[in-house]
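Okay, so here's the structure we're looking at.
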Amino acid sequence: MKQLLEHLIIQALTSAHENGLVTSPAFPDFVIEVPKNISHGDYSSNIAMVSAAIQKISPRKIAESIIRHIQDTQGVIDHVDIAGPGFINFYLRPESWIRFLKRVPELGSRYGSENIGNGKKIQVEFVSSNPTGPLHVGHGRGAAVGDSVSNILSFCGYDVQKEYYINDSGRQINTLGRSVFLRYQELLGESVRFPDDCYQGDYIRDIAGRIMDMKGPDLLDQPDEKAVMFCARYAADLILEDMKQDLESFGVFFDRWFSEQGLYDSGKVADVIESFRNRNIIYEKDGALWFDTTSHGDEKDRVVVRNNGQTTYFASDIAYHYDKYDRGFEKVIDVWGADHHGYIPRVTAAIVSGGYRKEQFQVVLVQLVSLLRAGIPVAMSTRAGEFVTLRDVIQEVGRDAARFIFLTRSSDNTLEFDLELAKQKTNDNPVYYVQYVHARICSIVRKSTEMGISVIVPDDAALCLLNTPEDIALIKMMIKYPEIVRSSAELLEPHRITFYLMELAASFHAYYNRQRVLTDDIPLTLARLYLMKAVRQVIANGLSLLGVSAPESM
RNA sequence: GCGCCUGUAGCUCAGAUGGAUAGAGCAACGGACUUCUAAUCCGUAGGUCGGGGGUUCGAAUCCCUCCAGGCGCGCCA
């Protein structure tokens, strides 16, 4: 609809120029929007105001010239007026909405999709939690955001790959091994001092116990280093399996699990260091190797190989990101916890040094989650190993509620996740508010099937009966959906879908309480059933982008 | 000290690309089920958009500055 009006405006201004009514054929950026106030028409444009400076004519005069030259060949406009400082307000004929309503069933589950990706290969990397402990709520938020962003991009024509980067190398894996081995020794009756820098959680004991069951005391016969290595690998594998399970029960499936260790094994980290050394981008200072990130805006250069010969995470991160581009991704999106924001400049610098464009890399920062129970903060201490895991949360509040709530805030904002609220099946908990729409419509459709009328498609004359303010409000809401999806994809902001769905749900519930669908009036009933099915489709489409189910009954 | 994020109704938050009288939910108050699911709806009340400057026809939105809160500033991960 907006495109249509835009076309009419451009045409009108052009012919106004041909007739000498305006001085310039130029078009500044102008917008067509749905006014907040319904008395300002169905659509409104600021074209006259933004053109005033170029035309050197008053906005109202420009507006008049434009209106006079509008050629509404399709007959969608009822009337147009000029208001305020020079807004052009369009009032549409009620029938005009129908052609747009028809798009919903025509496109079905594809309704709302705008092809902005054009098959471009894009990768979204998210969660990527170290396999040293269970996933917690913060990871849950990252998972919900990353998965939804992937869904949205994929829906908009991108060829999306979802990837999880496993930090299965380096010191923290060694620490994991040490932690497990110490608990293992404890189980065998040895008195050990358990250091603060080891992982404190009970799951470490569980893993040690499993190794006990499997190996008995055999590990003690080996050199410590070997035993620790064994514990590390065993524990990491186990924890990783658990994380996979948790994510699956959260409805999140990755296309690839990428091992950091693999980058070392294949020599890719060494290759990167070697080639940048030759180009003096990596240089030696104080016995360490440094990457020149300063030339690309970082505040200082960063170490890639320490003076003890060990590589830093940054080294493998560089190799990892190059590997992504080598695999043909035109764009790479990383979803990170906001506490990692300081890494953006150095990773960006490394990517640019590698000959890629800055725009090919984008980070979605997700702010932290604070967990509450009935308004009271839940104590979370990773050090003491006391925390509520993602698994606990899914078990307690359910997958749908958890995912939906994670997406009810902009990622830029911290999120309060209240377990009691999330469990409640009331209006406080918007997930049910939205799902209830789907269930209610399914119920109506079931009823109509019993009456034997659901299969008949109404003709245009019948659809014109959808003319109450509630009908029009619903249809307008649905016409808006593709724009919401688009902005959500362009800005990588899934919460826009969430808020839209809540708004659409509100329109539906208002409709439901005011208008009856199944009546004795057959054409009207058919038309309204048609409308209801469209609403159901849009709700289902939106929920699927969020990774939330659309139940047929509740 | 520097960088990033945040500051909008009592509470939790929307308001991308500057638009007309700043919105929603919760909480408060008053109403609506012999009807397709009341997990619902309707109404009332509630505001110095953190403060102060600036840009312009027009600012919650852009710029500067100050204030408050969170996070980050390692040859840690």
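Protein chains get the first letters and strands the later ones, always in sequence-line order, with residue 1 at the start of each. Everything numeric here is computed off the predicted structure, so don't read it as measured data. All values below come from the heavy atoms of this structure, side chains included, with hydrogens, waters and symmetry mates left out.
Side-chain polar atoms of A:T311 and A:Y264 form a donor-acceptor pair below 3.5 angstrom. Side-chain contact, A:N167 with A:Q172: no donor N or O sits under 3.5 Å from an acceptor N or O. With 3.5 Å as the limit, one finds a donor-acceptor pair spanning the side chains of A:S295 and A:D292.
Of all nucleotides present, only B:U6 satisfies the Watson-Crick or G-U wobble test against B:A68, with each distance under 3.5 Å. When Watson-Crick and G-U wobble pairs are counted only if both distances are under 3.5 Å, B:U40 pairs with B:A32. For B:C11, the paired base is B:G25 (Watson-Crick or G-U wobble, both distances below 3.5 Å). For B:U56, there is no paired nucleotide, since no Watson-Crick or G-U wobble pair has both relevant distances below 3.5 Å. Partner assigned to B:C73 is B:G1, using Watson-Crick or G-U wobble distances below 3.5 angstrom.
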- Output, in order, the C-alpha distance, side-chain angles, deciding distance and verdict of side-chain contact (heavy atoms from CB on, under 4.5 Å) for A:T525 and A:I453. CA-CA 9 Å; A:T525 299; A:I453 52 175; 3.6 Å; yes
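Taking the six-membered ring for Trp, A:Y165 and A:Y320 have ring centres closer than 6.0 Å.
Dashed line: the shortest gap from a side-chain N or O of A:Y500 to OP1 or OP2 of B:A24 is not under 4.0 Å. In this structure, A:Y432 does not reach the B:A39 phosphate: none of its side-chain N or O atoms is under 4.0 Å from OP1 or OP2. Applying the 4.0 Å criterion to OP1 and OP2 of B:C75, one finds that A:T312 has every side-chain N and O outside that range. Checking the phosphate oxygens (OP1, OP2) of B:C73, no side-chain nitrogen or oxygen of A:R346 falls inside 4.0 Å. Dashed line: the shortest gap from a side-chain N or O of A:R446 to OP1 or OP2 of B:U37 is not under 4.0 Å.
A salt bridge is defined here as a Lys NZ or Arg NE, NH1 or NH2 lying under 4.0 Å from an Asp or Glu carboxylate O, and A:K480 with A:E503 meets this definition. A salt bridge between A:E450 and A:K447 is absent, with no side-chain N of the basic residue lying under 4.0 Å from a carboxylate O of the acidic one.
Looking at heavy-atom distances under 4.0 Å, A:A439 makes contact with a base. Note on A:A288: a base of the nucleic acid sits closer than 4.0 angstrom, heavy atoms only. Within the nucleic acid shown, A:R516 comes within 4.0 Å of at least one base atom, counting heavy atoms only.
At a cut-off of 3.5 angstrom, counting only N and O atoms as typed in the model, there is no donor on one side facing an acceptor on the other between the side-chain of A:D412 and the base of B:C5. Remark: the A:H340 side chain and the B:G72 base include no donor-acceptor N/O pair separated by less than 3.5 Å.
Between the CZ atom of A:R536 and the P atom of B:U37 there is a distance of 13 Å, rounded to whole Å. A:H438 places its NE2 atom 18 Å from the P atom of B:A39, with the value rounded to the nearest Å.
Of the candidate nucleotides B:C41, B:C5, B:C73, B:C73 has the atom lying nearest to any side-chain atom of A:E299. Taking only side-chain atoms of A:W290, from C-beta outward, the nucleotide of B:U6, B:U40, B:C75 with the closest atom is B:C75. Of the candidate nucleotides B:C36, B:U40, B:G3, B:U40 has the atom lying nearest to any side-chain atom of A:Y433.
Along RNA chain B, the nucleotide nearest to A:Y436 and the one nearest to A:H509 differ in position, and the one closer to the 5' end is contacted by A:Y436. Checking A:S169 against A:L365, the closest nucleotide of RNA chain B that is more toward the 5' end is the one next to A:L365.
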- Note on the structure: Per-nucleotide protein contact along nucleotides 12-20 of chain B, 5' to 3', at a 4.0 Å heavy-atom cut-off (B base, S sugar-phosphate only, - neither), is SSSSB--BB
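Both the sub-6.0 Å distance and the 45° axial angle are not jointly satisfied by A:R277 relative to the ring of A:Y283.
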